[in-house]
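Remarks on the structure that follows.
Naming convention: chains lettered A, B, ... in sequence-line order (proteins, then strands); numbering from 1 in each chain. Everything quoted here is computed from the prediction, not taken from an experiment. We use all heavy atoms of the structure for the numbers below, so side chains are in, but hydrogens, waters and symmetry mates are not.
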Number of protein chains: 2
Amino acid sequence: MGDRSVPHARPNKAEVFARLREAHAREVTEDYVEMIADLIEEEGEARSVALAERFGVTAATVNNTIKRLERDGFVTSRPYRSVFLTDEGRELAAKCRKRHEIVYNFLVALGVDPTTAEFDAEGIEHHVSEETLRMFAGFAGGKRG
Amino acid sequence: MGDRSVPHARPNKAEVFARLREAHAREVTEDYVEMIADLIEEEGEARSVALAERFGVTAATVNNTIKRLERDGFVTSRPYRSVFLTDEGRELAAKCRKRHEIVYNFLVALGVDPTTAEFDAEGIEHHVSEETLRMFAGFAGGKRG
DNA sequence: AAATCAATTTAGCCTTGACTAACTTTAAAA
DNA sequence: TTTTAAAGTTAGTCAAGGCTAAATTGATTT
């Protein structure tokens, strides 16, 4: 147990920032698999030109990122062809989409303007723990039901 | 007005991600000025060994970051001496601390465990707009009063 | 005063995530 | 079928933010 017996003991700062850095490392991956899933749904396939347009980056940047996602097992791709999600990628995309919606709906339920909520949700979603996500879901749900 | 006359028009995705990238670029700066202010308050000065310990990074990393903060006008430093905040740095630190507290108190008011709230607040705070921050502050305040 | 130890700095390396410019491939039009 | 335009790729650059290892400085002991 170490020095953690005090009620509400503050976590070690270094732990907090270590977790923050881990979250950062996952962010781009999560945004990409989510966007790829959206594109496949909306347009039937995910072309890198569409990814570049939606993220507001160049085609070269998309290319680099897709290679990394492939290396990490989230997508498959062949030269000059569109990008596909692996099972793992699809799973992650589904999880991220749910989380995004919960955060967005929570902000709107709280009274935040929907446009602002879109901006904020995109940043916040990657840093919300399971526990906090449950609270968010419960709050928005309670307001509806 | 362009194509923004529809109620609740979704913002362009590229804008959302551009703002996200801007927020990222500010994160480390904000965390450092806040931590430097804390150290000066708690210990009278901000030594890089203390910064390294609290962030959970090496002294070399702290050194790099401090140089960047100095370049950007948030701190001053002299070799082998502790770090000082400029007026701009102090201002930013105060703003960040207030924001951090609002986010943390909001999460706790919502029912999130204080330890989890510490972790989540550190990630969330950098992505909360002024508008959302006001909603957070109002929510926690309303519960108290 | 010298030795030692802790703190700081420097140098060099790595990955991520961005860019531009130039090149190749694919698909569509002439 | 050839040409052209759009899409995708490759190569090279850069800054941020991490690291290790080695050198230096400052402060404390002996």
Legend entry - For atom CD of B:E22 and atom P of C:dA18, their distance in whole Å: 13 Å
Legend entry - Among A:V33, A:L69, A:T76, the one residue meeting side chain to side chain contact (heavy atoms under 4.5 Å, CB included) with A:L85: A:V33
Legend entry - Partner residues of A:D72 under the salt bridge (Lys or Arg N to Asp or Glu O under 4.0 Å) criterion, sequence neighbours left out: none
Legend entry - All salt bridge (Lys or Arg N to Asp or Glu O under 4.0 Å) counterparts of B:E45, not counting sequence neighbours: B:R47
Inset, instruction - Rounded to the nearest angstrom, tell me the gap between atom CZ in A:R47 and atom P in D:dA5. - result: 19 Å
Inset, instruction - Could you work out the complete set of other residues in the hydrophobic cluster of A:Y80, with links drawn between I, L, V, M, F, W and Y side chains under 4.5 Å apart? - result: none
Inset, instruction - Classify the nucleic acid contact of A:V62 as base, sugar-phosphate or nothing, counting any heavy atom under 4.0 Å across all strands shown. - result: nothing
Inset, instruction - Take atom CZ of A:R71 and atom C1' of C:dT16, then tell me their distance rounded to the nearest Å. - result: 9 Å
Inset, instruction - Ignoring backbone atoms, test whether B:R21 places a side-chain nitrogen or oxygen under 4.0 Å from the OP1 or OP2 oxygen of C:dC19. - result: no
Legend entry - Closest-nucleotide 5' rank along DNA chain D - winner of B:G56 and B:D72: B:D72
Inset, instruction - Measure from CZ on B:F17 to C1' on C:dT16 and round the result to the nearest Å. - result: 17 Å
Legend entry - Spacing between A:H24 atom NE2 and C:dT15 atom C1', to the nearest angstrom: 16 Å
Inset, instruction - Grab the CG-P distance between A:L51 and D:dA7 for me, whole Å please. - result: 13 Å
Inset, instruction - Supply the members, apart from A:F119, of the Ile/Leu/Val/Met/Phe/Trp/Tyr cluster built from side-chain contacts under 4.5 Å; use none for a lone residue. - result: B:V16
Legend entry - Summary of protein contacts for nucleotides 9-14 of chain D, nucleotide by nucleotide, where a base hit scores B, a sugar-phosphate-only hit scores S (4.0 Å, heavy atoms): BB----
Legend entry - Qualifying ring-ring contact (aromatic ring centres under 6.0 Å, His included) pairs with a residue from residues 15-72 of chain A, counting only residues at least two apart or across chains: A:F17-B:F55, A:H24-A:H127, A:H24-B:H24, A:Y32-A:F55, A:F55-B:F17
Inset, instruction - Before giving the answer on salt bridge (Lys or Arg N to Asp or Glu O under 4.0 Å), spell out for B:E42 and B:R54 the whole-Å C-alpha distance, their side-chain angles and the decisive distance to 0.1 Å. - result: CA-CA 13 Å; B:E42 292 170 32; B:R54 295 213 184 180; 2.8 Å; yes
Legend entry - Candidates D:dA7, C:dC19, C:dA7 - which lies nearest the side chain of B:V49: C:dA7
Inset, instruction - Using atom CZ of A:R19 as one end and atom P of D:dG18 as the other, report the distance to the nearest whole Å. - result: 17 Å
Inset, instruction - Starting from C1' on D:dA16, measure out to CZ on B:F74 and report it in whole angstrom. - result: 15 Å
